[in-house]
Amino acid sequence: EQLHTRLWLAADDTRCSGFLIQEMPASETALAEPEQAQNDWEHAEHLASTLNRDELLSLSTVDILHRLFHQEDIRLFEATPLSFRCGCSTERIEEMILALGLQEARSLLEEQGEISVDCEFCNAHYRFDNIDIEALFADNRQPDSTTQH
């Protein structure tokens with residue numbers, strides 16, 4: 001869903017800060033009153049556009065929200081610390097290869113000599129050769145099923 005979004009950024013020699021507003025997904029009320037929803041977005045965008053660089057760098061989150069939207073009904077959620085975490089792992093890549101199936105994995109090995117996966121988030125590189133792939137599928141072989149298809 002495409003949502004109206006605006007982002008303001010500011011930086012100096014020692015600090016950087018940003019302010020983002022985003023339209024909420026359409027509710028039943030907004031669908032019934034699209035003109036009001038548009039007016040609400042334009043109002044919030046107009047108020048936020050009055051924020052200047054110095055305020056963005058020096059005011060706290062609470063102060064910025066109060067300055068911009070003190071007449072509005074707003075909620076401020078607890079802060080969540082940011083951290084760099086990537087969800088990739090050898091196990092997840094192995095699951096992906098298993099999902100390809102043995103024949104497709106062998107086809108890739110024949111074509112490329114190895115199966116190589118690069119995580120574009122953390123830049124980790126995973127490489128599997130023929131021995132790795134055969135061991136992976138041998139270790140994950142499902143027991144013979146008694147179900148007839």
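The hydrophobic cluster containing I21 also contains L76, counting ILVMFWY residues as joined when their side-chain heavy atoms lie under 4.5 angstrom apart, directly or transitively. Transitive grouping of hydrophobic side chains (ILVMFWY, heavy atoms separated by less than 4.5 Å) brings V62 and L47 into a common cluster.
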Check: residues 51-61 side-chain donor-acceptor pairs under 3.5 Å, at least two apart:
| unit_1 | atom_1 | unit_2 | atom_2 | d |
| --- | --- | --- | --- | --- |
| N52 | OD1 | D54 | N | 3.1 |
| N52 | OD1 | E55 | N | 2.8 |
| N52 | ND2 | E55 | OE1 | 3.4 |
| R53 | NH2 | A11 | O | 2.8 |
| E55 | OE1 | N52 | N | 3.0 |
| E55 | OE1 | R67 | NE | 3.3 |
| E55 | OE1 | R67 | NH2 | 2.9 |
| E55 | OE2 | R67 | NE | 2.7 |
| S58 | OG | D54 | O | 2.7 |
| S60 | OG | D63 | N | 3.1 |
| S60 | OG | D63 | OD2 | 3.2 |

Quick one: side chains of residues 95-108, donor-acceptor pairs under 3.5 Å with protein atoms, not counting sequence neighbours, listed by atom name and distance.
| unit_1 | atom_1 | unit_2 | atom_2 | d |
| --- | --- | --- | --- | --- |
| R106 | NE | E134 | OE2 | 2.9 |
| R106 | NH2 | E134 | OE1 | 3.0 |
| R106 | NH2 | E134 | OE2 | 3.4 |

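Applying the salt bridge (charged side-chain N to carboxylate O under 4.0 Å, His left out) rule to E94 yields no partners; only residues at least two apart in sequence or on another chain are considered. With sequence neighbours excluded, the residues forming a salt bridge (charged side-chain N to carboxylate O under 4.0 Å, His left out) with D12 are R15, listed by chain and number. The salt bridge (charged side-chain N to carboxylate O under 4.0 Å, His left out) test applied to E114 returns R127, not counting sequence neighbours.
Other residues, nucleotides and ligands contribute more than 12 heavy atoms inside 6.0 Å of the CD atom of Q112.
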* Run the side-chain contact (heavy atoms from CB on, under 4.5 Å) check on H4 and Q38 step by step: do they pass? -> CA-CA 10 Å; H4 290 115; Q38 180 64 29; 3.7 Å; yes
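Residue D40 holds its CG atom at 12.5 Å from CE of M24, rounded to the nearest 0.5 Å. The distance from atom CD of Q22 to atom CG of L3, rounded to the nearest 0.5 Å, is 5.0 Å. In this structure, OG on S49 lies 11.5 Å from CD on E42, to the nearest 0.5 angstrom. Here the straight-line distance linking atom OG1 of T5 with atom CG of L20 works out to 6.0 Å at 0.5 Å rounding.
Between W8 and F19, the two ring planes are tilted [angle within 30° to 60°].
No donor-acceptor pair closer than 3.5 Å links the side chain of T50 to the backbone N or O of A48. Judged by distance alone, with hydrogens and angles left aside, the side-chain atoms of D132 form a donor-acceptor pair with the main-chain N or O of D129 at under 3.5 Å. Although no hydrogens or angles enter the test, the distance criterion places a donor-acceptor pair under 3.5 Å between the side chain of H125 and the main chain of N123.
The stretch residues 71-90 participates, sequence neighbours left out, in no salt bridge (Lys or Arg N to Asp or Glu O under 4.0 Å) pair at all.
Taking both residues in full, the closest heavy atoms of W41 and R6 are given as CZ2-CG, 4.1 Å, listed atom of the first, atom of the second, then distance. Here the shortest heavy-atom pairing between F121 and C86 reads CD2-CB, 3.5 Å.
The shortest distance between side-chain heavy atoms of F128 and S116 does not fall below 4.5 Å.
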